[in-house]
Amino acid sequence: MNEQYDFQLAEPRWQAFWEKIKLSNAGLSDTGKPKYYCLEMFPYPSGDLHIGHMKNYAIGDLITRFKIMQGYDVLHPMGYDAFGLPAENAAIKNGGHPKDWTQQNMNAMHSAFKKMGILYDWDRELATCQPEYYKWTQYLFLLLYSRGLAYRKEALVNWDPVDQTVVANEQVSAEGCSWRSGALVEKKSIVQWFLKITDYADRLLQDLDRLEHWPETVRTMQRNWIGKSRGVEIEFQVTDSPDKIRVFTTRPDTLFGMTYVVLAPEHPLVHAVTTEKYRSQVTEYCKSAEKMSEINRLAATEDKTGSPTGGYVVNPVNGEKVPIWVADYVIGSYGTGAVFACPYGDERDYAFACKYDLPIRKVIEPAQNTLIENGFVNVETDENGFVIDKKSMQNACVVDGEMVFSGEYNGMSNRDFWRAIADRMEKEGWGKQTVTYRLRDWLVSRQRFWGAPIPIIHCPSCGEIPVHTDQLPVRLPEGDNIDYMPKGKSPLAAHSEWVNVPCPKCGDAAQRDTDTMDTFVDSSWYFLRFCDARNDNAIFDQKSANHWMPVDQYIGGVEHAILHLLYARFIQKVVHDHGLTEHSEPFKALFTQGMVQTRQIMPDGSEIVATMSKSKGNAVPVLPFVQEYGSDAARLTILFASPPDRDMIWSEEGVDGSVRLMSRIWRLYYNYQDIFGKMKFPKTFDLSNLNPTDKSAYQKLHWAIKKITDDMSDFHFNTAIAAIYELTNLLYKLKEHDDLSDPVMGGILETLVLLLGPFVPHFAEELWRQIRGATYEKSVFHQSWPKYDPAALIKEEITYAIQVNGKVRAQITVPADSDADAVKKIALNFPKVQKWTGGKKIKRVIVVAKKLVSIVAK
RNA sequence: GCGAGAGUGGCGGAACUGGUAGACGCGCUGGAUUUAGGAUCCAGUAGGUAAUUCCUGUAGGGGUUCGAGUCCCCUCUCUCGCACCA
């Protein structure tokens with residue numbers, strides 16, 4: 001054994017060894033081992049792995065190795081989310097085909113993964129840009145199409161002016177910027193492909209309750225994103241017109257308080273209800289509203305604008321005529337694009353009514369004690385319930401109460417009235433209860449080149465014709481005569497020999513659809529493909545999918561809480577409904593790791609903290625770090641630095657501690673190398689036969705086994721590593737004692753290697769081989785994870801803390817089987833305690849078993 | 001504005017259902033060994049204090065309790081998500 005551990009030698013050696021013995025290949029044996037599917041979100045092949053990636057993949061590898069040692073048949077695959085704009089932008093900048101740039105990056109990442117020693121089943125490696133993969137993405141699209149879940153329509157969509165393509169709602173930030181380019185999106189009306197995720201809204205919502213191993217935050221975010229609300233749809237007759245305006249509301253109980261109706265500027269009836277007198281004003285308003293939303297969707301909150309139309313509707317409950325307004329605080333694409341306004345009970349309507357001096361009618365008398373809560377001030381009304389001084393209200397009344405000025409319903413609680421009026425409108429036929437979702441259909445067409453072509457042919461006479469599945473994949477053109485420059489249309493459109501094909505149905509001249517799919521489609525099913533990655537005849541084999549799915553542990557960043565995770569759940573459900581898998585949820589447990597950030601000093605001297613990513617230019621690559629300290633030290637540092645779910649600001653400080661720990665452990669084995677090979681070490685000991693030194697070493701080991709095993713299941717890797725430090729520190733102390741015996745120390749060192757395995761795998765493998773000798777051929781990861789000896793955790797003596805009047809004043813150590821009275825007696829007679837109780841009357845003594853004694857003295 | 005989470009030494013972070021706050025690590029200080037060390041080992045390290053003493057301390061303020069980082073109320077700060085969703 002060398003005096004020092006040489007990671008530069010050991011790491012490649014054991015990486016090759018693991019590959020040779022197929023340690024990372026899943027499903028090889030029929031030994032009846034239970035399956036375990038561990039998956040990290042696959043990366044976009046941006047070039048090289050940075051520290052943020054490393055954190056993600058280190059966690060996956062840790063779990064994988066831990067589960068292998070626990071006797072599972074572990075599936076742990078890796079691939080690349082390889083379609084996407086950066087490749088295309090690189091092709092524009094440097095020439096060449098996006099394919100080549102992507103392939104280069106994938107090669108670089110593949111070798112980085114290997115240098116990190118992460119245990120992947122490389123036989124299942126995939127890249128979404130390979131025809132062998134996107135063939136099945138296209139197949140999936142056609143499957144959706146055949147089930148009526150993919151359709152084309154013209155819609156006002158989010159246009160990214162930088163990337164020259166549309167993006168989905170989910171892909172636009174709250175500030176109105178595109179998730180990729182960061183550009184402010186514009187609104188544009190284009191014919192687009194959509195996936196009907198709204199059909200699954202309710203199931204996506206309900207099944208969230210079943211995902212008990214998902215973080216609550218992610219479930220809440222998805223719940224909010226789906227945004228289910230129960231309400232009613234009411235139809236209002238427009239006066240002097242056959243038209244009816246349908247509105248959606250969750251507050252039909254405020255119907256008597258309706259004083260006007262509002263249409264969104266893009267509502268189809270705006271022009272029909274507008275009278276001549278208001279026509280030019282309304283047209284002008286709609287135009288400016290459209291422009292507004294293009295310029296800044298943020299602007300609106302305070303300053304609501306609108307215009308009367310001159311039209312009126314009739315309130316079915318009291319026959320009153322109220323004016324129709326058009327205003328952009330109503331969103332065209334949500335609900336019916338129209339609302340009835342009750343300024344009394346809705347803050348937005350209240351603000352609008354104040355601005356345009358529209359009447360407010362009181363309909364709910366809040367209970368006295370709820371008045372102050374909302375800043376609402378009760379106000380005087382005239383005999384018809386109209387508020388006399390609007391401003392004096394200060395705020396809308398959004399609390400529950402009793403109905404007033406609501407005809408025969410006066411005195412009813414507003415909640416009861418809600419149901420009563422809903423029943424009545426259904427009976428009388430002017431309204432019905434409905435459910436509305438915030439979730440919209442998933443817009444999947446992209447006007448760019450580097451994605452899976454949408455496998456549809458447009459024929460002038462036959463219309464949309466899906467490409468026959470045996471004609472898949474619809475391959476992207478190769479060669480270097482392609483102009484990737486974005487022009488608002490996919491570069492494919494300019495490639496005439498690609499576009500022009502005979503119609504599969506009639507044979508006449510037809511054109512391929514030139515859009516490509518959103519890359520989130522590619523990644524919404526890759527976990528299924530991993531179950532059967534080399535299948536040329538089917539998207540995946542049902543038996544394989546049923547065996548491996550669901551993913552037992554999915555690991556990735558929170559940034560995908562809505563986008564990817566919602567899409568993947570949707571696709572899994574579709575595939576399930578199609579009979580391809582028995583599971584309707586893809587990810588049984590989800591762990592969202594915190595992001596790795598960097599601290600940057602800006603040119604103006606200010607400091608910013610930003611998530612590490614290549615596109616931000618602040619990515620710290622892993623390879624130099626790994627080359628300097630070794631993969632094991634690198635991951636140990638990252639895992640020990642903070643709990644994995646917390647964001648961390650990256651710094652290399654701390655790596656010295658990891659290196660130090662490993663060399664300390666190495667020297668421990670170096671010192672004891674003579675005893676290995678000479679003797680066989682017992683696994684457990686009878687504590688009563690051990691001397692105090694042996695005993696405390698043995699007890700600490702078993703404490704550590706328990707601690708590490710428990711922490712591992714809770715993803716508390718930092719405290720598990722702390723336990724390794726503690727054990728090592730104690731062994732260093734004890735080895736100076738003469739009575740530390742070889743059998744005990746040998747047994748501890750044999751077990752410690754196993755505990756190290758998931759954290760520093762190369763190092764552990766090297767030590768294991770050193771212990772077992774050069775002729776030994778098995779991996780440490782074929783050893784089973786150690787179990788703790790419960791007897792070692794039983795304490796014979798217990799230290800009690802003694803508090804006098806709430807302050808800790810002394811400690812006493814008593815035999816573990818001492819009863820409360822005995823402990824109390826010792827405590828009260830303890831000199832240090834008497835110093836504080838002397839001259840006082842003992843009023844109360846509380847003994848908390850195995851913990852402390854609390855004395856109250858006066 | 002709404003929703004979620006967080007605030008503990010110089011720093012990263014520990015602390016199970018209320019029970020000795022600061023585990024473990026980084027850094028720092030002192031010592032040992034060494035030709036030398038950014039190697040190794042030992043000791044110390046929340047603040048105050050002469051003290052192996054006592055006091056004060058988990059963003060701030062109140063409360064419950066024998067006992068509060070942990071539970072309750074109020075305030076402040078930060079992060080994330082949604083953002084006129086009717």
Side-chain angles (χ1 to χ4, degrees), chain A residues 4 173-176 215-225 227-229 231 247-251 254 262 264 297-304 327-331 333-342 345-349 351-352 436-440 558-559 561-562 594-595 609 636-637 640-643 645-649 651-661 663-664 667 707 710 714 716 718-726 728-729 732-733 736 799-811 843-846 848-857:
Chain A
Q4 286 197 341
S173 73
E175 290 78 31
E216 193 49 52
T217 48
V218 175
R219 293 198 283 171
T220 306
M221 279 163 75
Q222 290 211 354
R223 229 171 253 133
N224 293 342
W225 188 262
K228 179 175 181 168
S229 43
V247 305
F248 173 75
T249 181
T250 57
R251 293 296 305 275
T254 62
V262 192
R297 310 180 348 160
L298 263 186
T301 327
E302 297 306 310
D303 195 31
K304 297 192 185 347
D328 68 355
Y329 80 90
V330 171
I331 302 165
S333 52
Y334 179 77
T336 59
V339 301
F340 83 70
C342 171
D346 182 282
E347 285 175 26
R348 295 150 301 178
D349 296 341
F352 194 76
T436 297
Y437 297 91
R438 208 188 83 111
L439 181 72
R440 320 285 162 75
V558 229
E559 67 272 22
I562 293 170
M595 287 182 264
V609 170
L636 192 63
T637 305
F640 185 59
S642 75
D645 53 342
R646 207 178 290 185
D647 288 348
M648 64 186 282
I649 294 172
S651 105
E652 281 194 18
E653 286 167 30
V655 71
D656 289 341
S658 305
V659 171
R660 202 169 296 155
L661 175 68
S663 50
R664 270 164 75 82
R667 275 200 312 277
K707 171 90 180 141
D710 291 349
D714 298 337
H716 293 161
N718 56 331
T719 51
I721 294 167
I724 294 175
Y725 272 103
E726 279 194 56
T728 309
N729 291 346
Y732 259 76
K733 269 206 182 91
E736 304 306 325
T799 301
Y800 279 79
I802 303 170
Q803 295 183 339
V804 180
N805 293 334
K807 296 215 157 109
V808 179
R809 297 300 185 186
Q811 290 179 358
K843 302 205 77 164
R844 219 177 135 186
V845 180
I846 296 144
V848 182
K850 296 179 178 176
K851 290 235 166 84
L852 59 68
V853 181
S854 183
I855 299 165
V856 189

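These numbers come from the heavy atoms of this one structure, side chains and all, not from hydrogens, waters or symmetry mates. The sequence lines fix the lettering, A, B, ..., with proteins before strands; numbering per chain opens at 1.
As the counterpart of A51(B), no nucleotide is assigned, since no Watson-Crick or G-U wobble pattern has both distances under 3.5 Å. In a base pair of the Watson-Crick type (N1 to N3 plus N6-O4 or O6-N4) or a G-U wobble (N1-O2 and O6-N3), with each distance short of 3.5 Å, A14(B) is matched with no nucleotide. With a cut-off of 3.5 Å on both pairing distances, the Watson-Crick or G-U wobble partner of A32(B) is U40(B). Remark: A46(B) base-pairs with U56(B). Criterion, Watson-Crick or G-U wobble with two distances under 3.5 Å. The partner of A83(B), taking Watson-Crick or G-U wobble pairs whose two distances both stay under 3.5 Å, does not exist in any strand shown. In this structure, U77(B) forms a base pair with A6(B), meeting either the Watson-Crick or the G-U wobble geometry with both donor-acceptor distances under 3.5 Å.
Residues N805(A) and V856(A) have side chains in contact (heavy-atom distance under 4.5 Å, counting atoms from C-beta outward).
Atom pair F340(A):CZ and A86(B):P shows a separation of 13 Å (rounding to whole Å applied). For the pair D714(A) CG and A15(B) C1', the interatomic distance rounds to 15 Å; values are reported in whole Å. If you take CZ of F352(A) and P of A86(B), they are 18 Å apart, rounded to a whole angstrom. What separates CG of N729(A) from C1' of G25(B) is a distance of 10 Å, to the nearest Å. M221(A) places its CE atom 11 Å from the P atom of A83(B), with the value rounded to the nearest Å. Here the C1' atom of nucleotide G19(B) and the CD1 atom of I855(A) are 14 Å apart, to the nearest Å. Counting to the nearest Å, the P atom of A23(B) and the CG atom of D710(A) are 21 Å from each other. Between D656(A) atom CG and U40(B) atom C1' the separation is 14 Å, expressed in whole Å.
Across all strands shown, S658(A) has no heavy atoms under 4.0 Å from either base or sugar-phosphate atoms. Residue V856(A) is classed as a sugar-phosphate contact, given heavy-atom separations below 4.0 Å to backbone atoms only. Counting non-hydrogen atoms under 4.0 angstrom, Q811(A) reaches a base of the nucleic acid. Using a 4.0 Å heavy-atom distance criterion, G335(A) is classed as making no nucleic acid contact. If you check every strand for non-hydrogen atoms under 4.0 Å, F248(A) touches a base. Among the heavy atoms of the strands, none lies under 4.0 Å from V247(A).
Taking atom P on both U52(B) and G47(B), the two are 14 Å apart, rounded to the nearest angstrom. Remark: the separation of the C1' atoms in G22(B) and C76(B) is 25 Å, to the nearest Å. Across the C1' atoms, C78(B) and G60(B) are found 15 Å apart, a figure rounded to whole Å. Distance noted for atom C1' between G37(B) and A50(B): 37 Å (whole Å). Comparing G63(B) with A86(B), their P atoms are spaced 42 Å from each other, to the whole Å. With both ends at atom P, the span from A43(B) to G48(B) equals 24 Å, rounded to whole Å. Going from the P atom of G1(B) to that of C72(B) covers 23 Å, rounded to whole Å. Comparing A46(B) with C42(B), their C1' atoms are spaced 23 Å from each other, to the whole Å.
Distances were taken from every side-chain heavy atom of V848(A) (C-beta onward) to each of A21(B), A86(B), G19(B); the shortest belongs to G19(B). The side chain of F640(A) sits closest to C24(B) out of U20(B), C24(B), G13(B). Checking C66(B), A86(B), G3(B) against the side-chain heavy atoms of T250(A) singles out A86(B) as nearest. Taking only side-chain atoms of T220(A), from C-beta outward, the nucleotide of A86(B), G3(B), C66(B) with the closest atom is G3(B). Candidate nucleotides G12(B), G19(B), G81(B) were compared by shortest atom distance to the side chain of S642(A), and G12(B) ranks first. For A801(A), the side-chain atoms get nearest to U20(B) when compared with the rest of A86(B), C66(B), U20(B). Across C24(B), A14(B), C82(B), the shortest atom-to-atom separation from the side chain of Y725(A) is found for C24(B). Each of C41(B), A86(B), G12(B) was ranked by its minimum atom distance to the side chain of A641(A); first place goes to G12(B).
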Can D346(A) and T254(A) be said to form a side chain to side chain contact (heavy atoms under 4.5 Å, CB included), step by step? CA-CA 9 Å; D346(A) 182 282; T254(A) 62; over 6 Å; no
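Each of E726(A) and S229(A) has a nearest nucleotide on RNA chain B; the 5'-most of these lies closest to E726(A). In terms of position on RNA chain B, the residue among K707(A) and E653(A) whose nearest nucleotide sits closer to the 5' end is K707(A).
With hydrogens and angles left out, the side chain of Q803(A) and the base of G19(B) share a donor-acceptor pair within 3.5 Å.
Proximity of T217(A) to the phosphate of C80(B): no side-chain N or O atom is located under 4.0 Å from OP1 or OP2. Residue R660(A) has a polar side-chain atom (N or O) positioned under 4.0 Å from OP1 or OP2 of G27(B). Contact annotation: R646(A) side-chain N/O to A14(B) OP1/OP2 distance is under 4.0 Å. Within the structure, a side-chain polar atom (N or O) of R809(A) is placed less than 4.0 Å from OP1 or OP2 of C55(B). Contact between the side-chain N/O atoms of R251(A) and the OP1/OP2 oxygens of A86(B) is not found at any separation under 4.0 Å. The side chain of N224(A) places no N or O atom within less than 4.0 Å of a non-bridging phosphate oxygen (OP1 or OP2) of A4(B). For the pair Y800(A) and U20(B), the criterion of a side-chain N or O lying under 4.0 Å from OP1 or OP2 is not met. Phosphate proximity of A14(B) to N718(A): present, with a side-chain N or O under 4.0 Å from OP1 or OP2. Contact between the side-chain N/O atoms of K807(A) and the OP1/OP2 oxygens of A21(B) is not found at any separation under 4.0 Å. Checking the phosphate oxygens (OP1, OP2) of G3(B), no side-chain nitrogen or oxygen of R223(A) falls inside 4.0 Å.
S854(A) pairs in a side-chain contact (heavy atoms from CB on, under 4.5 Å) with only one of the listed residues (V808(A), I846(A), V848(A)), which is I846(A).
Between F640(A) and Y725(A), the ring planes lie tilted relative to each other; the angle falls in the 30° to 60° range.
At least one donor-acceptor pair under 3.5 Å links the side chain of Y800(A) to the backbone N or O of K850(A). Distance alone, capped at 3.5 Å, places no donor-acceptor pair between the N718(A) side chain and the A641(A) backbone.
Around CD of E652(A), the count of heavy atoms belonging to other residues, nucleotides or ligands within 6.0 Å exceeds 12. In the displayed structure, E216(A) atom CD is contacted under 6.0 Å by more than 12 heavy atoms of other residues, nucleotides or ligands.
In G9(B) the base sits syn relative to the sugar, since the glycosidic angle is no further than 90° from 0.
Side-chain atoms of N729(A) and R664(A) include a donor-acceptor pair closer than 3.5 Å.
Within the model, atoms CD of Q222(A) and OG1 of T217(A) stand 10.5 Å from one another, a figure rounded to the nearest 0.5 Å.
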